[in-house]
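A short write-up of the structure that comes next.
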Amino acid sequence: MTTPLEVEPGRGDPEAVLQGMRKIEGRSLGQIAWMRLKRDKVAIVGFVVIVLLILMAILAPLIVKAIGHPPNEFNQDLIDTQGGTLAPLGRFGGMSWDHPFGVEPVNGRDLMSRVIYGSRISLLIAFFATLLSVTIGTVMGIVSGFFGGWVDALISRLMDVFLAFPLLVFAIALAGVIPDDAFGLQGDSLRIVLLIFIIGFFNWPYIGRIVRGQTISLREREFVDAARSLGARRPYILFTELLPNLVAPILVYSTLLIPTNILFEAALSFLGVGVRAPTATWGGMLSDAVTFYTMPHFMLWPGLAIFITVLAFNLFGDGLRDALDPRSR
């Protein structure tokens, strides 16, 4: 039998042992994900572009005021009315220091101001439609995956019905028959709320199926069995044990769903059932540009704005998915 080792004063102190060395600290899952995300330069660039787009949308009135050309202000002096072409005067659609993006044919409205204001409509509808889809899809998916049985069968068939629904045709029909004054709203407010409802409510099955599959996998894990053995009730298990473990796929899918909703809103505005003129939207600007197909610069700027926005969200979403995946290197 051996005697315990003698420990000199101060030698057993961890601070004394680690003197001159960095203090070892554990990292949370969020810190590990952030370290991975920082190493993905492409995702960071996408995130920076997203932040700039959001700031541009929020500060649109101030930016346009600094530019000095409201989005709906006509500039007939910049249009060739004498020659009868109604095209912008000057080269490249009337591009100048006062109008960096040029002006619209016929009426001479500043394209840069309209692109900036159009970002407000597109991002607003995309964000809130995504929030609605994620909320409904998460609740339905976690309930379906956790309870199983007839509940799972009922919600799964409901998802199949929504997925088979001709959403674009329904959106065109519904947006076309709703009057300009309904539900206590009117004008642009009514149109925005209607588009948010159509896009958000009918897209929830996509994220619902993802959450359902993840929930089926998580409900058999040890920590869920431990919570049951300690007498935890179902609501506690659903929203305290399961939901935090679903945050990562929900966040990733949300970043990938936002650009899809931006494209869908642009498509509806392009078809003439979105927010009505003269309110500036990217899809509406593209729809107006079709008439002037001989002037490609007219559709260049709204099309480029949609392209950059969708690309930025997709790049950031792809990087976020890799950062939150514990199996990635």
Side-chain angles (χ1 to χ4, degrees), residues 50 53-61 71 114-141 158-159 161-211 250-287 302 305-306 309-310 312-314 316-317:
I50 292 171
L53 287 169
I54 294 174
L55 291 176
M56 182 181 71
I58 295 174
L59 303 176
R114 293 186 63 78
V115 169
I116 292 174
Y117 262 87
S119 65
R120 306 186 85 187
I121 301 296
S122 297
L123 293 178
L124 179 68
I125 293 176
F127 277 125
F128 281 98
T130 301
L131 180 62
L132 180 60
S133 296
V134 169
T135 302
I136 299 175
T138 300
V139 173
M140 300 294 280
L158 186 62
M159 291 180 183
V161 171
F162 273 85
L163 290 173
F165 205 81
L167 178 57
L168 185 61
V169 176
F170 177 77
I172 294 174
L174 184 60
V177 299
I178 294 294
D180 293 333
D181 188 352
F183 312 111
L185 301 172
Q186 59 182 354
D188 291 343
S189 300
L190 176 62
R191 287 281 164 176
I192 291 173
V193 171
L194 184 62
L195 289 176
I196 291 174
F197 171 77
I198 293 174
I199 298 174
F201 183 74
F202 289 94
N203 276 331
W204 68 264
Y206 296 98
I207 191 169
R209 285 198 163 182
I210 294 175
V211 173
I250 291 173
L251 285 176
V252 171
Y253 189 78
S254 297
T255 58
L256 298 177
L257 185 60
I258 289 175
T260 303
N261 290 338
I262 291 175
L263 292 174
F264 196 84
E265 181 277 328
L268 291 178
S269 297
F270 179 81
L271 295 173
V273 294
V275 178
R276 295 180 178 177
T279 303
T281 63
W282 292 341
M285 293 176 67
L286 287 176
S287 179
I306 295 174
T309 304
V310 172
F313 274 104
N314 283 330
F316 177 65

The reported gap from CG in Leu268 to CG in Leu263 (rounded to nearest 0.5 angstrom) is 11.0 Å
Closest non-hydrogen atoms of Arg120 and Ile58, given as atom of the first, atom of the second and distance, are NH2-O, 4.1 Å
For Ser122 and Trp282, the nearest pair of non-hydrogen atoms, with its separation, is OG-CE3, 3.6 Å
Open item on the list: When you compare the side chain of Arg114 with that of Thr281, does any pair of heavy atoms fall below 4.5 Å?
Closed with: no
Residues passing the salt bridge (Lys or Arg N to Asp or Glu O under 4.0 Å) test with Arg209, sequence neighbours excluded, are Asp160
Check whether any side-chain heavy atom of Leu158 sits under 4.5 Å from a side-chain heavy atom of Met140, and report yes or no. yes
Paired with Ile192, the side-chain contact (heavy atoms from CB on, under 4.5 Å) test is passed by just one of Leu190, Ile196, Leu194, namely Ile196
- May I ask you to decide if the ring planes of Phe202 and Phe162 are parallel, tilted or perpendicular, using 30° and 60° as cut-offs? tilted
### Query
Where do Leu256 and Phe313 land on the side chain to side chain contact (heavy atoms under 4.5 Å, CB included) test, with the steps shown first?
CA-CA 7 Å; Leu256 298 177; Phe313 274 104; over 6 Å; no
Practice item. Could you please spell out the steps behind the side chain to side chain contact (heavy atoms under 4.5 Å, CB included) verdict for Leu123 and Thr309? Key: CA-CA 9 Å; Leu123 293 178; Thr309 304; 4.1 Å; yes
Output for pair (Leu257 CG, Trp204 CH2), nearest 0.5 Å, gives 13.5 Å
Query raised in the report: Are the side chains of Phe127 and Ile54 in touch, meaning some heavy atoms are under 4.5 Å apart?
Result: yes
Discussion item. With a 3.5 Å distance limit and no angle check, can you tell me whether Thr135 reaches the backbone of Leu131 through a side-chain donor-acceptor pair?
Written reply: yes
Nearest heavy-atom approach of Val115 to Ala305 is CG1-CB, 4.1 Å
Looking only at heavy atoms, the pair that brings Pro259 and Val310 closest together is CB-CG1, 3.7 Å
For a 4.5 angstrom cut-off between non-hydrogen side-chain atoms, does Leu53 reach Met56? yes
For this session: Please step through side chain to side chain contact (heavy atoms under 4.5 Å, CB included) for the pair Phe201 and Ser133, ending with a clear verdict.
Result: CA-CA 6 Å; Phe201 183 74; Ser133 296; over 6 Å; no
I'd like a table of donor-acceptor pairs (distance under 3.5 Å, sequence neighbours excluded) in which one partner is a side-chain atom from residues 165-174, with atom names and distances.
none

In terms of heavy-atom contacts, Gly141 and Val211 come closest through C-CG1, 3.8 Å
*asked:* With side chain to side chain contact (heavy atoms under 4.5 Å, CB included) as the criterion, how do Ile306 and Leu286 come out once you've worked through the C-alpha distance, each side chain's angles and the decisive distance to 0.1 Å?
replied: CA-CA 10 Å; Ile306 295 174; Leu286 287 176; 3.8 Å; yes
Quiz item: Do Ile136 and Leu132 have side-chain heavy atoms sitting under 4.5 Å apart?
Solution: yes
**Message:** Any non-hydrogen side-chain atom of Ile125 less than 4.5 Å from a side-chain atom of Asn261?
**Reply:** no
Flag side-chain contact, heavy atom, 4.5 Å: Thr130 against Ile199: no
In this structure, CD1 of Ile121 is separated from CZ of Arg191 (nearest 0.5 Å) by 12.5 Å
If we only count heavy atoms from C-beta on, is the Met159 to Tyr206 side-chain gap below 4.5 Å?
-> no
When every non-hydrogen atom of Ile262 is compared with those of Ala126, the smallest separation belongs to CG1-CB, 3.4 Å
